[in-house]
**Q** 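I'd like to ask some things about the structure below.
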Amino acid sequence: LSRSPHEPVDRLELARDTVDPSGRAVDVQVTRLRRKIEDDPKAPRYLQTVRGVGYRLVPD
């Protein structure tokens, strides 16, 4: 995500080197990261979901 800020990255691309090829492990990790870095994890500012694609990082 940090290599391409503001650009959506496919969930399966992020999951490529994990044990879970379905991408669910990525979802869990994003949820955990949001809890740590977001002021309001329910309305993320930095780690945004791009519906049907994956996630994007939106730095300040």
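What's counted below: heavy atoms across the whole structure, side chains too, no hydrogens, waters or symmetry copies.
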**Q** Nearest 0.5 Å please: distance from the CD atom of Gln29 over to the OH atom of Tyr55.
**A**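 Rounded to the nearest 0.5 Å, the CD-OH separation comes to 10.5 Å.
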
**Q** Could you tell me whether Asp60 and Arg45 make a salt bridge, using a distance below 4.0 angstrom between a side-chain N and a carboxylate O?
**A** yes

**Q** Would you say Arg11's side chain and Ser22's backbone share a donor-acceptor pair under 3.5 angstrom?
**A** yes

**Q** Give the minimum heavy-atom separation between Pro8 and Val53, together with the two atoms involved.
**A**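 Shortest heavy-atom separation between Pro8 and Val53 comes out as CB-CG1, 3.8 Å.
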
**Q** Output yes when a side-chain donor or acceptor of Glu38 lies under 3.5 Å from a complementary backbone atom of Ala43, and no otherwise.
**A** no

**Q** Show the numbers, then the answer: is there a side chain to side chain contact (heavy atoms under 4.5 Å, CB included) between Val58 and His6?
**A** CA-CA 5 Å; Val58 182; His6 301 285; 3.7 Å; yes

**Q** Do other residues, nucleotides or ligands put more than 12 heavy atoms under 6.0 Å from the CG atom of Asp39?
**A** no

**Q** To the nearest 0.5 Å, how far apart are CG in Leu57 and CD in Gln48?
**A**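 These two atoms lie 9.0 Å from each other.
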
**Q** Atom CG in Leu47, atom NZ in Lys36: separation rounded to 0.5 Å?
**A**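 Spacing of CG (Leu47) from NZ (Lys36) equals 12.5 Å.
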
**Q** Grab the two heavy atoms, one from Asp20 and one from Ala15, that are nearest each other, plus how far apart they are.
**A**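 Result for this residue pair: O-CB, 3.7 Å.
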
**Q** Taking all atoms of both residues into account, what is the closest heavy-atom pair of Leu14 and Thr18, and its distance?
**A** O-CG2, 4.2 Å

**Q** Do Val30 and Ile37 sit in the same hydrophobic cluster, where Ile, Leu, Val, Met, Phe, Trp and Tyr count as joined when their side-chain heavy atoms come under 4.5 Å apart?
**A** yes

**Q** Between Pro44 and Thr49, is any pair of side-chain heavy atoms under 4.5 Å apart?
**A** no

